[in-house]
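Single-structure report; data block below.
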There are 2 protein chains.
Amino acid sequence: MPRKTDKRNRLVEAAKALIHQQGFNLTTLADIAQEADVPLGNVYYYFKTKEAIGIAVIEKRAQELAQWIASWNESEGPFARLSTFILHALSDIDSIARFGCPIGALCQELGKQGGSLADLAAKLLHDELTWVESQFGALGAGDRSQEFALSLLSSVQGTYLLTHTFKDPKLADRQVKSLMNWLKALPLKATAKEKELALA
Amino acid sequence: MPRKTDKRNRLVEAAKALIHQQGFNLTTLADIAQEADVPLGNVYYYFKTKEAIGIAVIEKRAQELAQWIASWNESEGPFARLSTFILHALSDIDSIARFGCPIGALCQELGKQGGSLADLAAKLLHDELTWVESQFGALGAGDRSQEFALSLLSSVQGTYLLTHTFKDPKLADRQVKSLMNWLKALPLKATAKEKELALA
DNA sequence: GTCTATATACAGATAGAC
DNA sequence: GTCTATCTGTATATAGAC
């Protein structure tokens with residue numbers, strides 16, 4: 001058991017949660033230290049700067065995203081995968097209403113200050129976009145894959161933002177239905193059997 | 001000429017621009033004072049607190065939004081109005097790529113810290129949503145007006161976020177075409193004549 | 001490796017001369 | 001109404017004992 005990394009993990013987890021809830025700039029090292037039950041001075045043994053914590057948090061998010069993508073890939077066929085993605089992305093509606101998207105909100109906040117943190121965060125959304133695009137490719141969308149992927153991810157991110165702004169979980173719920181209908185109605189080569197699987 | 005409000009206006013305009021560019025929390029009163037060419041100490045003659053400047057900026061945005069809505073209403077018929085809205089919302093693509101949506105980003109940032117500022121900012125997006133909804137109502141969307149309005153505003157806001165995150169103006173450009181096609185393909189009672197007007 | 005005490009910087013906000 | 005000087009709080013970060 002790696003006792004050494006125990007505190008480090010606690011710090012990253014605390015920072016991850018607090019940054020989601022309060023944003024990066026509003027979250028202080030004192031907040032993180034308290035939440036992780038680590039004395040403030042000790043934080044600097046594990047992370048030289050606040051930015052270093054930010055990097056660790058984004059790397060953690062990247063790992064988790066990779067795991068989610070792996071789990072979406074377990075659905076059979078691209079149509080079912082995209083359905084799973086939509087359902088999963090907009091599943092934790094109460095958290096969304098309170099804090100928005102852990103990745104999208106971070107990209108927006110960090111995007112304004114530039115730097116390497118912003119690039120790291122942007123890569124998360126980019127990876128997500130690339131995955132969605134490849135699913136549309138597998139669905140036979142051809143050169144419209146990019147367009148469809150952009151439409152889907154925009155809608156999902158916009159739904160996060162509006163749900164968070166209006167603090168109304170039902171809003172995300174309604175959008176799930178709209179997006180599922182949109183997906184089903186797209187002019188794609190998906191087989192009827194595949195659509196059936198997704199609805200099962 | 002109201003000389004008295006001259007400095008006040010300069011401060012609000014400076015704050016409006018800086019908050020759009022840097023976000024609210026990262027924008028200091030010193031930044032605003034410098035941009036407005038007003039000594040720091042003098043800022044407090046016009047605004048008791050930083051929050052008071054935030055309120056003034058949001059009120060200014062509300063006025064501007066009201067003017068934009070009035071200008072969108074000048075288009076003939078709801079279909080043309082929605083087309084105008086989409087084109088206008090995603091017109092200043094370079095600014096979007098650099099700083100995102102002046103309203104949406106603010107709602108996300110302030111939404112995390114709560115308070116009256118967050119509510120004021122949320123009202124801007126709410127007014128926009130209500131207007132879009134009423135246009136779909138006029139198009140005969142009936143009880144689907146809310147659903148369509150939510151879809152459209154989500155897409156627009158998500159487009160802002162992705163365009164800003166990836167710093168790619170072309171992304172917003174592509175989404176304009178997608179959204180216009182989506183609008184045209186909706187199962188609505190819009191007359192052919194109305195669609196023609198929108199395309200003219 | 002851990003933790004207390006503290007240095008440093010800068011933010012919002014105020015006092016008071018002019 | 002205007003502006004300089006400054007107060008106060010707090011955030012990041014460091015020093016150094018243990």
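Labels below follow one simple rule: chain letters A, B, ... track the order of the sequence lines, proteins then strands, and each chain is numbered from 1. What you are looking at is a predicted structure, and each value in this text was computed from that prediction instead of being measured.
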Hey, can you pull the residues of residues 27-39 of chain A with a non-hydrogen atom under 4.0 angstrom from DNA chain D? Thr27(A), Thr28(A), Leu29(A)
Rounded to the Å, how far apart are [X] [atom1] and [N] [atom2]?
X	N	atom1	atom2	value
Asn42(B)	dT14(C)	CG	P	15 Å
Leu40(B)	dG12(C)	CG	P	8 Å
Leu11(B)	dG12(C)	CG	P	13 Å
Asn25(A)	dA11(C)	CG	P	13 Å
Tyr45(B)	dA15(C)	OH	P	17 Å
Tyr44(B)	dT4(D)	OH	P	16 Å
Lys50(A)	dA11(D)	NZ	P	9 Å
Glu51(B)	dA11(C)	CD	C1'	16 Å

Evaluate the ring planes of Phe136(B) and Trp182(B), with Trp represented by its six-membered ring, and classify them as parallel (under 30°), tilted (30 to 60°) or perpendicular (over 60°).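 The arrangement is perpendicular - the two ring planes meet at more than 60°.
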Trp68(B) vs His88(B) aromatic rings, parallel, tilted or perpendicular, using cut-offs 30° and 60°?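 Answer is tilted, since the angle falls between 30° and 60°.
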Within the 4.5 Å heavy-atom criterion, are Glu64(B) and Lys16(B) side-chain neighbours or not?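 With C-beta onward as the side chain, the pair touches.
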To the nearest 0.5 Å, what is the distance between OG1 on Thr28(A) and CG on Leu18(A)? 8.5 Å
May I ask you to decide whether Asp119(A) forms a salt bridge with Lys123(A), counting only side-chain N to carboxylate O separations under 4.0 Å?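 Lys123(A) and Asp119(A): not salt-bridged.
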Sidechain N-carboxylate O distance under 4.0 Å for Arg10(B), Asp6(B): yes
